[in-house]
Amino acid sequence: STQYPGLFLEISDDSYSSDDENDQTRINELKARIQENERDWDAYVELIQIYRLSGDIDNLRSLRLQCKQVFPLPPGSFWQQYSYIEMWIQWIDDEKQFISDEEEKEGICNLYQAALRDYYSADVWYQYLSFVKSSLPSEMSTLSEEAISAFEYDCIDGPRLWNLILEWSKSVNPPEQTEKFYAKMLGNCYQTSAECLESYKEWHQGVALQLDPSVVETGENSIKEFEKRSVLQMELTASIEVDHITTALRRFNDYTQFEL
């Protein structure tokens with residue numbers, strides 16, 4: 001198989017030291033474990049890391065595809081799911097090192113799309129948008145709309161993704177398009193809704209476009225909605241912490257009714 005010695009050393013564990021004989025012994029052990037139990041997640045993770053650190057790109061690609069087929073959805077616990085997402089990001093970052101033409105850029109996009117079909121991840125969306133913005137700018141408009149549909153209601157990471165799209169839009173689009181993005185962003189309730197509204201007002205000071213009072217009002221309503229939600233969250237958390245089940249159930253019902 002094709003070898004790229006030292007290719008991935010920049011991401012290697014400090015404790016790793018290459019020993020071909022020991023590596024091969026361990027590789028055979030891990031392969032045997034996978035052959036015996038194809039859902040041995042830990043064996044896949046360790047074997048992938050060995051191939052990465054040795055630069056064995058052919059076996060690395062083959063094993064990742066095999067792992068993807070065996071685990072079409074994130075396995076088990078939250079930490080296993082987190083590990084699964086990190087493996088996708090790691091895989092994509094590795095493949096980026098071999099990009100030489102437009103077709104291979106599209107191949108990277110296919111990997112991002114496959115990762116997002118498996119699991120929603122704001123980090124993957126952020127990297128995907130950043131990659132297309134710099135490498136395939138002609139596709140950024142379509143991808144932005146697709147991304148917004150996916151993360152629009154993510155009250156934690158939504159603003160981070162919005163900021164990336166707004167930064168891109170301000171540099172390439174007429175102000176009217178950026179205005180539409182701001183209006184849509186401010187129509188959602190985020191932890192940073194107040195900062196989002198201030199960003200909208202500051203942007204307007206530098207463009208030849210009249211500030212839209214209805215967008216400002218929408219942003220102010222989103223701020224108020226988040227404040228109400230915060231109160232409900234704090235009341236629910238407080239009742240759970242004191243282990244008051246009746247109160248917690250009532251607070252939970254209040255919160256549910258508010259969201260409905």
Side-chain angles (χ1 to χ4, degrees), residues 82 85 89 92 105 108-109 112-113 115-116 119-238 251-252 254-260:
Y82 177 80
I85 295 169
I89 292 174
I92 295 167
K105 291 178 183 178
I108 297 297
C109 291
Y112 277 122
Q113 291 163 11
L116 290 166
Y119 197 75
Y120 169 79
S121 166
D123 288 337
V124 174
W125 267 116
Y126 191 90
Q127 292 196 18
Y128 187 12
L129 287 163
S130 298
F131 174 76
V132 170
K133 177 186 172 187
S134 61
S135 301
L136 294 166
S138 63
E139 299 182 12
M140 187 62 181
S141 181
T142 300
L143 183 63
S144 293
E145 295 295 340
E146 182 182 340
I148 290 168
S149 296
F151 73 72
E152 185 175 4
Y153 303 111
D154 184 337
C155 63
I156 303 300
D157 288 306
R160 177 165 64 107
L161 297 165
W162 271 117
N163 287 339
L164 191 155
I165 291 174
L166 287 167
E167 178 188 349
W168 159 77
S169 182
K170 291 173 186 177
S171 66
V172 302
N173 289 328
E176 289 78 9
Q177 179 58 46
T178 303
E179 176 82 14
K180 291 179 181 178
F181 283 138
Y182 265 117
K184 195 161 191 176
M185 176 181 68
L186 291 168
N188 290 282
C189 180
Y190 299 123
Q191 186 175 2
T192 58
S193 289
E195 289 88 341
C196 293
L197 180 56
E198 284 304 308
S199 171
Y200 172 66
K201 292 178 179 178
E202 290 176 6
W203 170 70
H204 257 282
Q205 294 175 4
V207 296
L209 193 67
Q210 186 175 359
L211 189 71
D212 188 338
S214 65
V215 175
V216 174
E217 182 180 3
T218 297
E220 291 172 344
N221 289 336
S222 294
I223 295 171
K224 293 175 183 177
E225 183 179 346
F226 180 79
E227 290 172 348
K228 293 177 183 177
R229 180 178 282 119
S230 295
V231 171
L232 291 169
Q233 288 176 340
M234 287 188 290
E235 291 175 343
L236 176 59
T237 301
R251 299 303 187 197
F252 180 75
D254 291 343
Y255 196 0
T256 303
Q257 291 300 316
F258 175 78
E259 293 294 346
L260 294 176

Show me the donor-acceptor pairs within less than 3.5 Å that the side chains of residues 138-149 make with the rest of the protein, sequence neighbours left out.
from	atom 1	to	atom 2	distance (Å)
Ser144	OG	Met140	O	2.8
Ser149	OG	Glu145	O	3.2

Measure the CD-OG1 distance between Glu225 and Thr218 for me, rounded to the nearest 0.5 Å. 11.5 Å
What distance do Leu116 atom CG and Trp125 atom CH2 have between them, rounded to the nearest 0.5 Å? 5.5 Å
Is it the case that over 12 heavy atoms from other parts of the model lie below 6.0 angstrom from the CD atom of Glu176? yes
If we count only N and O atoms by modelled type, under 3.5 Å, do the side chains of Asp157 and Tyr126 hold a donor and an acceptor together? no
Calculate, to the nearest 0.5 Å, the distance between atoms OH and CD belonging to Tyr190 and Glu195 respectively. 13.5 Å
For residues Gln127 and Ile92, determine if any side-chain heavy atom of one lies less than 4.5 Å from a side-chain heavy atom of the other. no
Once you round to the nearest 0.5 Å, how far does OH of Tyr200 lie from CD of Glu179? 3.5 Å
Which class fits the ring pair Tyr128 and Tyr112: parallel under 30°, tilted 30 to 60°, perpendicular over 60°? parallel
Is there side-chain contact between Leu136 and Cys109, with at least one heavy-atom pair below 4.5 Å? yes
Within the 4.5 Å heavy-atom criterion, are Cys155 and Phe226 side-chain neighbours or not? no
Report, as yes or no, whether the 6.0 Å neighbourhood of atom CD on Glu152 holds more than 12 heavy atoms from other residues, nucleotides or ligands. yes
State, yes or no, whether a side-chain contact exists between Tyr182 and Asp212 at a heavy-atom distance under 4.5 Å. no
To the nearest 0.5 Å, tell me how far Asn188 CG sits from Cys196 SG. 9.5 Å
Please check if the side chain of Ser135 supplies one atom and the backbone of Val132 the other of a donor-acceptor pair under 3.5 Å. no
Is any side-chain heavy atom of Trp168 less than 4.5 Å from a side-chain heavy atom of Asn173? yes
Quick check: does any side chain N or O of Ser222 sit under 3.5 Å from a backbone N or O of Leu186, one acting as donor and the other as acceptor? yes
Value rounded to 0.5 Å, distance of CE in Met185 from OG1 in Thr192: 8.0 Å
Salt bridge check, Asp123 against Arg160: does any charged N sit closer than 4.0 Å to a carboxylate O? yes
